[in-house]
Amino acid sequence: MSSNTLTAAEASGPQKPAAGFEGDRQDNTVGGAVRGYLNKLRGGDLGALPAILGIVVLGILFTILRPGTFLTPLNLANLLVQSTPIMVLAMGLVFVLLLGEIDLSAGVVSGVCSAVLAQLLVQVGVSWPIALLAAIATGAVIGAFTGSLVGMVGIPSFVVTLALFLGFQGVTLRIIGQGGTVPVREPVVRALANENVPVTLGWILAAVVAVSYAAFELWRWRSLKSRALAHPPLVLVVVRVVLIAAVVFGVTAILSVDRALAAAIDLAGIPYAVPLVVLLLLLLTFVLSRTTFGRHMYAVGGNAEAARRAGINVTRIRVMAFVISSSLAAISGILATSRLSSVTPDAGAGNTLLYAVGAAVIGGTSLFGGRGKARDAVLGGLVIAIIANGLGLLGVAAYLNFVITGGVLLLAASVDALARRRSASTKR
Amino acid sequence: MSSNTLTAAEASGPQKPAAGFEGDRQDNTVGGAVRGYLNKLRGGDLGALPAILGIVVLGILFTILRPGTFLTPLNLANLLVQSTPIMVLAMGLVFVLLLGEIDLSAGVVSGVCSAVLAQLLVQVGVSWPIALLAAIATGAVIGAFTGSLVGMVGIPSFVVTLALFLGFQGVTLRIIGQGGTVPVREPVVRALANENVPVTLGWILAAVVAVSYAAFELWRWRSLKSRALAHPPLVLVVVRVVLIAAVVFGVTAILSVDRALAAAIDLAGIPYAVPLVVLLLLLLTFVLSRTTFGRHMYAVGGNAEAARRAGINVTRIRVMAFVISSSLAAISGILATSRLSSVTPDAGAGNTLLYAVGAAVIGGTSLFGGRGKARDAVLGGLVIAIIANGLGLLGVAAYLNFVITGGVLLLAASVDALARRRSASTKR
Amino acid sequence: ACGGDDDGGNGGSGGGGGGEAAGKIGVILPDTASSARWESADRPLLEAAFDEAGVEYDIQNAQGDAQQMATIAEQMITEGVTVLAITNLDSASGAAIQRQAEQQGVQTIDYDRLTLGGESDYYVSFDNTEVGRLQGEGLAQCLGDQPANIAYLNGSPDDNNATLFSQGAHEVLDAMDQYTVVAEQAVPDWDNQQAATIFEQMYTQAGGDIQGVLAANDGLANAVVSILGRNNAAGQVPVTGQDATVEGLQNILAGNQCMTVYKPIEQEANALAELAVALVNGEEPEVDGSVEDTEGDREVPAVLLDPVSVFRDNVKQVIDDGYQSAADVCTGAYAAACTELGIS
Amino acid sequence: MSAPEQSTTTSTLERPTLSLRGVNKSFGAVQVLHDVHLDVYPGKVTALVGDNGAGKSTLIKAIAGIHPVDSGTVEFEGKAVQVTGPRDAARLGIEVVYQDLALADNLDVVQNMFLGRERKRGIVLDEASMEEAARDTLAKLSVRTLKSVRQLVSSLSGGQRQTVAIAKAVLWESKLVILDEPTAALGVAQTRQVLDLVRRLADTGHAVVFITHNMVDVFEVADRVAALYLGRVAADVPISEVDRTQVIELITSGRSGELGLAPDALED
Amino acid sequence: MSAPEQSTTTSTLERPTLSLRGVNKSFGAVQVLHDVHLDVYPGKVTALVGDNGAGKSTLIKAIAGIHPVDSGTVEFEGKAVQVTGPRDAARLGIEVVYQDLALADNLDVVQNMFLGRERKRGIVLDEASMEEAARDTLAKLSVRTLKSVRQLVSSLSGGQRQTVAIAKAVLWESKLVILDEPTAALGVAQTRQVLDLVRRLADTGHAVVFITHNMVDVFEVADRVAALYLGRVAADVPISEVDRTQVIELITSGRSGELGLAPDALED
Ligand SMILES: Nc1ncnc2c1ncn2[C@@H]1O[C@H](COP(=O)(O)OP(=O)(O)OP(=O)(O)O)[C@@H](O)[C@H]1O
Ligand SMILES: Nc1ncnc2c1ncn2[C@@H]1O[C@H](COP(=O)(O)OP(=O)(O)OP(=O)(O)O)[C@@H](O)[C@H]1O
Ligand SMILES: [Mg+2]
Ligand SMILES: [Mg+2]
């Protein structure tokens, strides 16, 4: 009798079964696609659904409570601009969270970079492109420093960034210090959050985005199918393309209406900050899903030791995550500065960071690493911004404001949790 | 030829080797003990060393910078009282961190409980024992609520406690009232942080603690040795016992000196808050290291799925961790209230929580769960308090204060990290 | 290692070293967030005055944390301070500090904010309710007699001064029945970004039908102005402020802000310095009156100073006082306005 | 779907310790277990065999309450039971060694072995008695390279971890012991000990389920063989009724002669 | 300490792909590897055997740069090398299948197989080509129950994970392939394929180190046997010079006849 191994005759049994991978070759029907999606949901993989649900529910709620104002073009434009700084900050945090790290200093880094921007413009008097670049470069350098402490020295990121959270508050105070606040009157910087893309150009941009997305998705589907690779059913692709196009054109249409409250003036078009965020979203999504770097981010977040054994330079990935996070924090700071046209010594301190992390998590990013997307930041940021926006319209007392914000946040998070819990026993 | 399994003859080879576990039976010599300890350090298991080093280095630094004041009995008494609220808060957080969770709301929970305490004393006019119990009960109830959301509903603790962090700020604001403060003049509550144990009683307490610790450790060593169980070498035990006794009597001696600056008054003895913290430390250390509950805490933090499969009620452990954390937050709030004799609407907000987490981490508790001790909170809390105390003596500008605090925190953390890094490749 | 020793002008005690001298003055400033004045004005002014008097001193900032203020106070007493001036974060915590100081034989001064139920020996201040009154009167002046919808953007809900400012303003404006309050909200932590969102939502909710904004300080005012600017309504809606910051003055020059309340901090700082120096030298200080501590049921000898309303036509006064420099204020687009008003 | 062929020859008269009837289990869209019927008898070793991915581990996790089943009934000692978690399973008297070992890396060997069932004196853990018991049990399993039972599990070799997991399970003398590929990482001597142990457990009246890919082990210790093929029970018969080639055929193709799944069940 | 007995009979003339000389490795106070000498030849399968906890996995992790060694030299193709991390190892042409599989649970099968060596077109990942290559390699390894190569690794069975890890390693045709108990979790058919694969790798000139506890596998595919006993090399000989009983004796007691460690080396 010859042990565990098998003779050639035994290996090919009487009926050779199919060779596996049948899941990859199926050409799904519409019904199959829908069933597959429902199964996925039931399996606890909700993707963007909780955040989208949150947006819809909150939207309906506030529309009912403030019918005349919440759903107006003016308020929607406000909402989008209000949400951009947090979205950009959260996008950066997604990279750090993907690795299972945290960056408590991201908020104050945005403050430091704003301070640099302001002082360069006001005290030194450089031109705006240089000032903007310098602010972002400051962020990148800070990120490299943070990342080295975490990735090379190996201090837990919570402690590093807690220390920097404190330290950078001092730095901002020092830079802004003597004047109290630094007003930034530079027209281009101001325009970012306060001016709008001309209406026609807005439509053109929207069309470019929608059409190229559709073209790309369909081309990809065809090429996958033709090579008999795993591919989603066509219906799903079409539905997704149509939905995205609807959102893009819908938003553009709303923002192209004149939303001025005073009849005399003209206020229409997409605020510049919005295409900026869309651009960042596309760029970061590309980086995360289609490049080696992005793939390695997920690998390090999922299992750093496996990534190391696979020859990935884990240290470099860690450093880069913080560089990206801090650079985006700088951009977030620029947007915030643009909005107020000034920088205060406490810029980016307080709850800024917690809100941004909350946004990423509500969008679907895991704090334990390995799961997260750039779009999570956008969707989660929108949820957070809607809460503040709607509560502002309601004008409730300060204490209620705190309580309601907390409550809504909790609610948004429990949708996700309850759904995932069903699958809790299958995955750890 | 008969496969992988073994015949009886084969199983017992020509020379039957020793049966293993030789490490457990060794009776260590002094040299062996020291070598073992050094090996442990080299292996990256630093235990309390970084925190103790931090305390010593900071102590020397500030003594050099402020020779006349830092090492005076008055300042040391101040230092201890200043550190108690953060220590107690951090002790609670250790339980939550042990599970790999976080409690961002612990600081504001301490605020809510202080507010409850103050209003019960001032508005309702109940007696102090009832008010104190009610404050702690409030903490416990809040903890049960938080814990249920995390443990039963399954929302990530970061989001739950972020939401509660906001919500409870509103609650405190509501209880205290906008812009108001509630003064607490109750003598017993005030005494906690402001009065001292009579000197003789202080010495008696110190003796009780030191002697019972020594008796317990030696008894335990003997019983382990007599049953041929794994045991530390006697020298180590003796060294530990002597060190602890030295610290206890040393601190008592310093605090028994009259430290009043004005000659007329008399200010001597251990502040009441100190034995309270020592009591909590002993109690929580006992719970974590000697009870089933403590064991299960570590198991859930190390591998929740393994704990579940071993039949541990993981949900209960999670809920309990938050109950403990919030109850201790309440005690921390009581100490803070006692110190200022008042409660403000922003009690416990701001950086309170971050400092407490920082304290636990510097003490040696891991943010990823499974590693941590109650004493970490005490040692780390002392580090944080020394920084604030010393900087207070130096009197530097506000921005420098931020920067130096951050820098020192970073420094304290890197000692730990650099040492652990040596063993980074052996453990994940 | 990290620059631990005293750092020239920025650092604290003029003489360095420990507490060997008989007299030393301690000052604890409240925060760096509610107003820029503490670090940018009070600290240098006090340092200059103390240096001139040749006394030892230690000035620190509690960074908005009452626990930290108590710690600093303990440290100062340990360091041998004999006169302690504090700007309390709230009355009760201030009182605790003063009780402790008194026990250790240290004389105390309330600076800028009265500690109700405290033990302070003296009080030096602008009247905060008066600031609110001036803001109310200023807004009324800019609005005129026309009926108007006004919105209040108050300071941090957990800041007692914010409550006082708002009370003062209400006192004045509530009495005038041509005005309707259409919105009133407090801005947590005086956060300007949040202030912008809050005002933007007020404005949207009111359908733009807001004719005046009572903003508690220049930072909040600037947030309002930037939102109004986005809606092309800047300059048409009067906004109040406080602190006479560069930004506030520029907004006033540009016509985007109605007024600010200028508290000649130099006067206040000098008054404190004089008082403290006298005490530390064992002299009897001069005071102009006293205020009543309603909670402590006592009269506190006080030096009281008057805040000044600043409109476009008296911006010059702030600059002439040296409180802000023309170089900072009259940049770029504002140069013309400065010339017009004779500011240089 | 055809019911699996049932053996009628041996002692089915005796009451099985565990009976599964029509158990189904899916993960999302993937159905892993199809209508599983299985009986496990006291005093007998049931070898559960099947190809990689056939569903063996999923099946035993369903029994242990780690995964809830979608449908089907579970009877334990004749009574229908609902096992909704590992605690229920432990209470019934089911002990499992999982393939993906369930050990807490931050605890030492003793702590892991007694996890969830610590011995106490009053409210204090009785470390001494646990340490002694752990050392005895491990010594029986031929562990010779373990330096100390106070070593953290994270520092153990693959086989040492496997041994700790086995020792943990056999400590409790449960009515039903399930071992999922327990000997996969073990050396020759250790494997010998585990096989002996399995036999001893059965001989003292316990019901044992033994999952393995090793045919020699199957024929050495098993009394019955249950073969899973793509989530279906292809056969559940006494060992005496099959030979090695048949078992391998059942594993790789779900049929062997008249044993196994009906051809139509394979289309799906 | 005595040097291990060296074989002198076979082709030691050929230059070994890998030579270890006097390698020591401790974890804290515990010395796991003592003065290890080992040669691995191209075109040959070297079976590395030893009891549980003997130090086999530690040894190969040292070779792969996962653990830095304390002392000793490593030569690769005759040149002394410093392997300070897995990237160095990969650059030299060493590929390892670890016992504690190194897969990222949050990635799918294809992503794991190409981790660290993704195929690209420009800067964009070439998913299509990777997916095709992954599917081909897996099909060769008799994986029949895997639904999709786009399945997350977290949802795979133990054997399926093992297969993915093996497939990942063999994709690269490295000069030296090290497999740490690759067949432990595999079914009969899959084990057959892996053994064939190991033989094929050696026959095409690769050097292969194969760790296993299964004596039959050793004698089926190995050209040489190296036995570790308590961290020491007890023997490193051609397979033709030993028989099964001898190998088992070397494993369990470090000696067999004149082979093995000198008695004095065992005292320590
Ligand atoms: N959480 C899950 N989600 C989706 N599919 C899963 C999940 N867990 C297991 N599977 C699939 O179920 C099938 C059965 O897995 P199981 O682990 O029970 O196999 P097994 O018989 O134990 O195999 P092995 O011999 O390799 O251990 C596999 O095809 C696996 O991919
Ligand atoms: N990080 C570590 N710290 C301390 N001891 C360790 C560590 N890693 C391994 N060991 C010890 O080193 C010895 C060798 O372990 P190793 O994993 O190399 O054994 P192995 O030969 O691969 O065994 P197996 O056949 O069980 O896989 C074991 O006794 C183990 O306990
Ligand atoms: Mg399995
Ligand atoms: Mg091994």
Side-chain angles (χ1 to χ4, degrees), chain A residues 1-4 100 102 104 149 153-160 162-174 177 303-305 345 350-351 354-355 357-358 361-362 366-368 397-414 416-418 420-421 424 428, chain B residues 1-4 100 102 104 149 153-160 162-174 178 303-305 345 350-351 354-355 357-358 361-362 366-368 397-414 416-418 420-421 424 428:
Chain A
M1 210 197 266
S2 92
S3 109
N4 195 21
I102 184 109
L104 296 177
L149 288 175
V153 185
I155 317 176
S157 56
F158 190 96
V159 185
V160 173
L162 169 58
L164 296 182
F165 169 74
L166 297 170
F168 284 133
Q169 284 183 55
V171 173
T172 312
L173 204 56
R174 177 86 185 95
N303 185 342
E305 179 63 16
N351 298 343
L354 291 182
Y355 278 124
V357 177
V361 173
I362 286 180
S366 162
L367 284 167
F368 302 103
Y399 80 91
L400 263 183
N401 216 317
F402 277 120
V403 172
I404 296 177
T405 307
V408 173
L409 214 66
L410 209 50
L411 225 70
S414 22
D416 187 33
L418 283 173
R420 275 188 223 285
R421 202 162 68 106
R428 280 182 41 199
Chain B
M1 209 197 265
S2 94
S3 110
N4 196 23
I102 184 107
L104 295 177
L149 288 176
V153 185
I155 316 177
S157 56
F158 190 97
V159 184
V160 172
L162 169 58
L164 296 181
F165 169 74
L166 296 170
F168 284 133
Q169 284 184 55
V171 172
T172 313
L173 203 57
R174 176 91 187 93
Q178 196 150 318
N303 185 342
E305 179 63 15
N351 297 343
L354 291 182
Y355 278 124
V357 176
V361 173
I362 285 179
S366 162
L367 284 168
F368 301 104
Y399 82 91
L400 263 183
N401 215 319
F402 276 121
V403 173
I404 296 177
T405 307
V408 175
L409 213 68
L410 209 51
L411 224 69
S414 20
D416 187 34
L418 282 172
R420 275 187 223 286
R421 201 161 68 103
R428 280 185 36 200

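Below, chain A is the first sequence line, B the second, and so on; all start at residue 1.
Of the listed residues (Val160(A), Ile404(A), Leu354(A)), the greatest number of heavy-atom pairs within a distance under 4.5 Å of chain B belongs to Leu354(A). No other option in Thr405(A), Leu367(A), Leu400(A) has as many heavy-atom pairs under 4.5 Å with chain B as Leu367(A). When the candidates Phe165(A), Phe168(A), Phe368(A) are compared by the number of heavy-atom contacts under 4.5 Å with chain B, Phe165(A) comes out ahead.
Taken to the nearest 0.5 Å, the CD1 atom of Ile362(A) stands 10.0 Å off from the CD1 atom of Ile155(B).
At a threshold of 4.5 Å between non-hydrogen side-chain atoms, the residues Leu410(B) and Leu149(A) count as touching. At least one side-chain heavy atom of Ile102(B) sits under 4.5 Å from a side-chain heavy atom of Phe158(A).
When all heavy atoms of Gly358(B) and Leu162(A) are compared, the pair lying nearest together is CA-CD2, 3.8 Å. Residues Leu409(B) and Val159(A) approach most closely at O-CG1, 4.4 Å, considering heavy atoms.
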